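Below is one structure, written out as structure tokens; comments come after it.
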Amino acid sequence: MTIFQTNKLNKYFFAFVLCFLMQFSYSQSDVSGSQFNLPPGAKFSIKQYKKIDYSYKLNQNLNLVVENNYLKFNDQELASLKSKDLKAFNYYSDAKDYFNCLSNKVKKSFTVNELWYIYIYDQDLKKQLTLIK
């Protein structure tokens, strides 16, 4: 093998490695915890995360029962959280406001768990749901 052929092989190898690294870094950035709306103190774990696209449910007419309690605690417990953990209080207050602003059509299309998943993990769909009347 000549020096010219070796340099050419090195260039191809380097280009291959560079493409691989770019693809790997792109795929990792696609599911970083920074693009989610995690509760205060929650840690993102790639091993436990499963991407679910609930947008298909917008085209279905499910007519589920509308639940009013999206939080697993009452208003008094939420108020007491204000003095204990202000970040958590703000997070859950914002979540409560978000769920309350959703239309009945949206509330009848998604379960409470699905809406929480959207609130935490799917920021695009979260915004879209607020526009539905």
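Residue numbers start at 1 and run along the sequence shown. Fair warning: this is a prediction, and the values are worked out from it, not measured in the lab.
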Just by distance, do the side chain of [X] and the backbone of [Y] share a donor-acceptor pair under 3.5 Å?
| X | Y | value |
| --- | --- | --- |
| Tyr91 | Asn37 | yes |
| Tyr98 | Lys126 | yes |
| Ser93 | Asn90 | no |

For Thr111 and Asn113, which I'm curious about, is there any donor-acceptor pair between the side chains at under 3.5 Å?
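On atom types as modelled, these side chains do not qualify, holding no pair under 3.5 Å.
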Inter-residue atom distance [X].[atom1] - [Y].[atom2], 0.5 Å rounding:
| X | Y | atom1 | atom2 | result |
| --- | --- | --- | --- | --- |
| Lys72 | Glu77 | NZ | CD | 12.5 Å |
| Ile120 | Leu115 | CD1 | CG | 11.0 Å |
| Ile118 | Leu125 | CD1 | CG | 4.5 Å |
| Leu64 | Asn104 | CG | CG | 12.0 Å |
| Leu81 | Phe73 | CG | CZ | 6.0 Å |

>> Restricting to non-hydrogen atoms, name the atom on Leu58 and the atom on Leu129 that form the minimum distance, rounded to 0.1 Å.
In response: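 In terms of heavy atoms, the two residues are closest at CD2-CD2, 3.5 Å.
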Exercise for review: Output every pair passing salt bridge (Lys or Arg N to Asp or Glu O under 4.0 Å) with a member in residues 110-123, not counting sequence neighbours, ordered by first then second residue.
Suggested key: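 Qualifying pairs: Lys57-Glu114.
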Indicate yes or no: at least one non-hydrogen side-chain atom of [X] is less than 4.5 angstrom from one of [Y].
| X | Y | answer |
| --- | --- | --- |
| Phe89 | Leu78 | yes |
| Tyr49 | Tyr121 | yes |
| Lys107 | Tyr70 | yes |
| Tyr117 | Phe110 | no |
| Asn74 | Asn69 | no |

**OP:** Using a cut-off of 6.0 Å, state whether more than 12 heavy atoms not belonging to Gln76 lie near its atom CD.
**Re:**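 No.
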